[in-house]
Amino acid sequence: MSFLYPRRITISRPNQDETLGAQPYSGLRRDNETVIAEGLAAHIQIDNKTPPAPMKLPGDAISTPAWKIIFKAARGLVRTGDIITDDQDNRYQAISADWGPMVTSCRSQILQP
């Protein structure tokens, strides 16, 4: 850990279910994921480029929060739909990944427990 990357993350990928027909719920459970990388130093911050709530009802939040997770990793390691778990056991689903020359930046949405 460092001043710039004070958090630790684990990246996992949901397993594909090849079974046909009606199945019990198997999406986004920890026991149905394969760990891709763990112990990566990261910086997690709120992403201020979030769109407003689509329905614009009086009780709606101003926007749907998104998170930017920045870390050093190989190009292409993270894909859309991967799950990023931080050191406080918060789970985020990657919406998009941008691989720069120095860091990978993932725009993510937090998953509710």
Show your reasoning for whether side chain to side chain donor-acceptor pair (under 3.5 Å) applies to S105 and D98.
-> CA-CA 5 Å; S105 179; D98 177 38; 5.6 Å; no
Minimum heavy-atom distance between [X] and [Y], given as atom pair plus value:
{"X": "R79", "Y": "A94", "value": "O-CB, 3.8 Å"}
{"X": "E33", "Y": "N15", "value": "N-ND2, 3.6 Å"}
{"X": "D47", "Y": "R107", "value": "OD2-NE, 2.7 Å"}
{"X": "V78", "Y": "C106", "value": "CG1-SG, 3.6 Å"}
{"X": "F71", "Y": "A73", "value": "CE1-CB, 3.5 Å"}
{"X": "S108", "Y": "I69", "value": "OG-CD1, 3.8 Å"}

Close side-chain approach of I44 and I9, heavy atoms under 4.5 Å = yes
Side-chain contact, heavy-atom cut-off 4.5 Å: P65 with I110?
-> no
Option among T85, D82, D86 that satisfies the side chain to side chain donor-acceptor pair (under 3.5 Å) test with Y92 | D86
Same cluster or not: are I84 and W99 linked, directly or through other Ile, Leu, Val, Met, Phe, Trp or Tyr residues, by side-chain heavy atoms under 4.5 angstrom apart?
-> no
Just verifying a value: how many Å separate [X] [atom1] and [Y] [atom2], rounded to the nearest 0.5 Å?
{"X": "R8", "Y": "D87", "atom1": "CZ", "atom2": "CG", "result": "9.0 Å"}
{"X": "L77", "Y": "R13", "atom1": "CG", "atom2": "CZ", "result": "7.0 Å"}
{"X": "I95", "Y": "Q109", "atom1": "CD1", "atom2": "CD", "result": "5.0 Å"}

Run the numbers on L40 and I11 for side-chain contact (heavy atoms from CB on, under 4.5 Å), then give the verdict.
-> CA-CA 9 Å; L40 298 174; I11 301 169; 3.7 Å; yes
